[in-house]
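Working notes, structure below.
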Number of protein chains: 2
Amino acid sequence: MPPLNRGRIVAAAIDLIEREGADAVSMRRIAADLEVGVMSLYNHVPNKSALLDAVSETILSEVEFTDDPAAPWTGRVRMQARAFRQIAHTHPRSTMVVVSRQLKSAAGMLPVERALSTLREAGFGEREAVQIFRVFIAYVIGSLLREVGVTPTFAPVHGAIRADDVDPELFPEIGALAPHLSACDHEAEFDFGLDLLIEAIAGRLAQRTT
Amino acid sequence: MPPLNRGRIVAAAIDLIEREGADAVSMRRIAADLEVGVMSLYNHVPNKSALLDAVSETILSEVEFTDDPAAPWTGRVRMQARAFRQIAHTHPRSTMVVVSRQLKSAAGMLPVERALSTLREAGFGEREAVQIFRVFIAYVIGSLLREVGVTPTFAPVHGAIRADDVDPELFPEIGALAPHLSACDHEAEFDFGLDLLIEAIAGRLAQRTT
DNA sequence: CCTCCCGTACGTACGCTGTACGTCTCGACA
DNA sequence: TGTCGAGACGTACAGCGTACGTACGGGAGG
């Protein structure tokens, strides 16, 4: 057994989250998985919050942001948004941990920097670029949370809404659309909204330069 | 002191969340606020999870969805989205609780029903209406979470990012745009993206009917 | 009026949590 | 060989959700 270190602790935490969900994470569980005393963890990690920060940072730094500065900006922001969505694939149950922690580190700011520079190079003004960036962030994070089931009320996916569950008198549309509401191709849905947004923003840019 | 009942417990929970945040919620704290033994709560609420469901439902049912069926659909979806965003104003620290709980009750499905019927009446197809609905939900929830500070990494608002905090070599855009990144008129930002989305969707509708 | 019964309030207790603190062991170096 | 520091670990404490047992108070039936 290799000596205990920060990397092994973070890896064990990510593994535990993916196996049993974020609620199952406790210092005792992680220590048990590593066959180590609980307090030994505190030699490498100051506290649980910092450990979750490290989890978030590690996952974020694994995202592959391959950006071609020569490509048109529309394709670049599409690629960046899709890269970010990969988190929901590679670490679905850690997604909420990643997006809910404030990271002032390089891993957290790199995606922001890339997105902003793409928008600035596309020709958007300072304030405009930030506004558009925020719109994309809102959409991407909202989509991720639906995909991983954090906001299930308005994302009735895994058979949660069935046609005979709802009163068709009170909720005729939900009843009628139940088949479409219960099925969800996350990638297609994500791309649908993403293209819609890009198209709208491209429209604004074109309209302004004329 | 009136007798203990479910309504008083839920009200105390909401009050506690708004005063000290969702992490401060515990059955013991709520009982103490009500000057009541801990286990007395369980005569009216089966467990903590059900209590949080009740909190979510109560807040959701307070949202005023005033919908004018005669108005154009663009205005109707704008009004519905804005009404939903009111949650962030009336109960900011409860927002995450509301959006993260699956409600199969009427309070949870009413907004869904309204939005879907609006889109259907606007002329969108079944699958299309659901897709568009999901895009709006993603954007609205993502915006709410940024506004209430649940996803702070990509929403550097309250002075979290200051120009001298970032290395301008590594993050030139963040440094240059720091003033715009630290300030955020949530209502204006929300409406900006909302109008962008509505405009894009209206374009799809017009393009299809021609 | 007396009695019984049930809903409500409450105390105790168990297993869980994060982590502060003290101790012990072991390898490196003077 | 003696010393020292770092890391592993045990114990302990306050707080958590809640299962269980108990006590009380008011309405229903005799």
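Letters A, B, ... are given to chains in the order of the sequence lines, protein chains preceding strands, and every chain is numbered from 1.
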Would you say a side-chain N or O of B:Ser40 is under 4.0 Å from OP1 or OP2 of C:dT8? no
B:Asn43 CG - C:dC6 P separation (whole Å): 16 Å
Interatomic distance where CG belongs to B:Leu51 and C1' belongs to D:dC16 [whole Å]: 15 Å
B:Asp195/B:Arg78 ion pair, N-O < 4.0 Å: yes
D:dA8 phosphate, OP1 or OP2, under 4.0 Å from A:His44 side-chain N/O: yes
For A:Arg29 and C:dG15, give me the distance from atom CZ to atom C1', rounded to whole Å. 15 Å
Can you tell me if CG on B:Asp23 sees more than 12 non-hydrogen neighbours from other groups inside 6.0 Å? no
Could you check how far CG of B:Asn5 sits from C1' of C:dG7, rounded to whole Å? 14 Å
How long is the gap from CD on A:Glu121 to CG on A:Leu116, to the nearest 0.5 Å? 11.0 Å
Please identify each residue that fulfils side-chain contact (heavy atoms from CB on, under 4.5 Å) with B:Ala200, with sequence neighbours left out. A:Leu196, A:Ala200
Which whole-number value in Å describes the distance from A:Glu35 CD to D:dA8 P? 14 Å
Quick test of your reading of the model: are A:Arg85 and A:Glu147 salt-bridged, counting only N-O distances below 4.0 Å? yes
Between atom CZ in A:Arg6 and atom P in D:dG7, what is the gap in whole Å? 14 Å
In whole Å, I'd like the distance from the CZ atom of B:Arg8 to the P atom of C:dT8. 14 Å
At under 4.0 Å between heavy atoms, how does the protein contact nucleotides 18-26 of chain D? Give one character per nucleotide, 5' to 3', with B, S or -. BBB------
For A:Leu41 and D:dG7, give me the distance from atom CG to atom P, rounded to whole Å. 14 Å
Assess whether a salt bridge exists between B:Glu187 and B:Arg82, defined as any Lys/Arg side-chain N lying under 4.0 Å from an Asp/Glu carboxylate O. no
